[in-house]
There are 2 protein chains.
Amino acid sequence: MKSIRNTVAKNEIHKLIAGSTVALSQAELQAATKGLCDRVTIYRILDRLTQEGLIHKVLNVDGVMKYAGCADTCKAQHKHDHIHFSCQKCKSLTCLAGVEASYRLPAAYTVMEANFTLSGICPNCT
Amino acid sequence: MKSIRNTVAKNEIHKLIAGSTVALSQAELQAATKGLCDRVTIYRILDRLTQEGLIHKVLNVDGVMKYAGCADTCKAQHKHDHIHFSCQKCKSLTCLAGVEASYRLPAAYTVMEANFTLSGICPNCT
DNA sequence: CAAATAAACGCAACTAAGTTGCACTTACAA
DNA sequence: TTGTAAGTGCAACTTAGTTGCGTTTATTTG
């Protein structure tokens, strides 16, 4: 039977992401864990956590993938339509959980995923 | 005095982007121009065209930058808040020029750029 | 029209993100 | 306690994008 194991590295990385107010990249996680495991392993752990629905991916404005914890509402209804904010000064990527974007699309399009990212200056940097 | 020149490669690439209904990547432009110029030159031309306000960048869902022509409205009021649609089947990235997203942000944030991308199935692929 | 010159170019080399294959290790179920 | 599939480390690879530098060329100016 196909199962998913709990490992030290996986728990550590999940804890880091869940405990962070901003989304983290693989590089940031690697720096934070300091040789806990190989960088390839981090990528694989991130893939697994995403599959399990514990975290979700957010593409940063510079094209680098970042990872953020899923709120409880995520698990209930699997939707990630909230807006993300990328600060040009401190480079942080934040999930604005409460803020949703509305739009009216021609019916011919079938939407499966949404990625809304604003960039500018965050409250901490003004 | 600092000036910008018109070159064969630049005109060709601008024409390709302006004449396309979908946004194009450096790789796609290189394939379309077939040895017209070096890939580094394409990157530099894209940078210049962006600076001149003739094209604008759109980050695709896979983290690769794509380029689309600017409509006349772009030049008048420099805003690129329209939604982009990335088709999971044909991999095309389209500017939905008419469709704008609305959102309500906490006042503490200063927005300087917006990147709204939906992905799913486009009209041609349904 | 010719010469000067700064913009544009080609090439090689580099960085950074992410992926793959394979042998080795380990969590955990039986 | 042990078998085994999930997880890991390492090396090598791909792809996007950047940088430095010597050469070419579009355009300006005399």
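Naming: A, B, ... by sequence-line order, numbering from 1 per chain.
- When side chains are defined from C-beta on, B:Ile42 does not count as touching B:Asp38, because their heavy atoms never get closer than 4.5 Å.
- The main-chain N or O of B:Leu46 is found under 3.5 Å from a side-chain atom of B:Thr50 such that the two form a donor-acceptor pair.
- Where the helix from C:dC1-D:dG30 to C:dA30-D:dT1 starts and where it ends, the local axes point in directions that differ by 30°; five pairs per end, rounded to 10°.
- Side chain of B:Ser20 to backbone of B:Val22: a donor-acceptor contact under 3.5 angstrom is found.
- B:Tyr43 places its OH atom 19 Å from the P atom of C:dA8, with the value rounded to the nearest Å.
- For A:Ser25 (side chain) and A:Glu28 (main-chain N/O), a donor-acceptor pair under 3.5 Å exists by modelled atom type.
- If you check the side chains of B:Asn6 and B:Lys10, you find a donor sitting under 3.5 Å from an acceptor.
- Residues of residues 17-25 of chain B having a heavy atom closer than 4.0 Å to DNA chain C: none are found.
- In this entry the distance linking CG of A:Asp62 with P of C:dA16 reads 13 Å, nearest Å.
- One atom, CG of A:Leu59, and another, P of C:dA17, lie 13 Å apart when rounded to the nearest Å.
- Cluster note: B:Leu93 groups with B:Val58 through ILVMFWY side-chain heavy atoms spaced under 4.5 Å, whether in direct contact or through intervening members.
- With rounding to whole Å, B:Asn11 atom CG is found 9 Å from D:dT27 atom P.
- Shown here is B:Glu113, whose CD atom has no more than 12 heavy atoms of other residues, nucleotides or ligands within 6.0 Å.
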What's touching nucleotides 7-11 of chain D from the protein side, N or O pairs under 3.5 Å?
| unit_1 | atom_1 | unit_2 | atom_2 | d |
| --- | --- | --- | --- | --- |
| D:dG7 | OP1 | A:Arg5 | N | 2.8 |
| D:dG7 | OP1 | A:Arg48 | NH1 | 3.4 |
| D:dT8 | OP1 | A:Thr7 | OG1 | 2.8 |
| D:dT8 | OP2 | A:Arg48 | NH2 | 2.4 |
| D:dG9 | OP2 | A:Asp38 | N | 2.8 |
| D:dG9 | OP2 | A:Thr41 | OG1 | 2.6 |
| D:dG9 | N7 | A:Arg44 | NH2 | 3.1 |
| D:dG9 | O6 | A:Arg44 | NH2 | 2.7 |

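- Between B:Ile17 and B:Leu29 the shortest side-chain heavy-atom distance falls below 4.5 Å.
- Grouping Ile, Leu, Val, Met, Phe, Trp and Tyr by side-chain contacts under 4.5 Å, direct or through others, puts A:Phe85 with A:Ile83, A:Leu96, A:Val99, A:Tyr103, A:Leu105, A:Tyr109, A:Val111, A:Phe116, A:Leu118, B:Ile83, B:Phe85, B:Leu96, B:Val99, B:Tyr103, B:Leu105, B:Tyr109, B:Val111, B:Phe116, B:Leu118.
- Side-chain N/O atoms of B:Asn60 and B:Ser86 include a donor and acceptor closer than 3.5 Å.
- Other cluster members for A:Met112: B:Ile121, joined by side-chain heavy-atom distances under 4.5 Å among Ile, Leu, Val, Met, Phe, Trp and Tyr.
- Note: CD1 (B:Ile13) to P (C:dC9) measures 8 Å, nearest angstrom.
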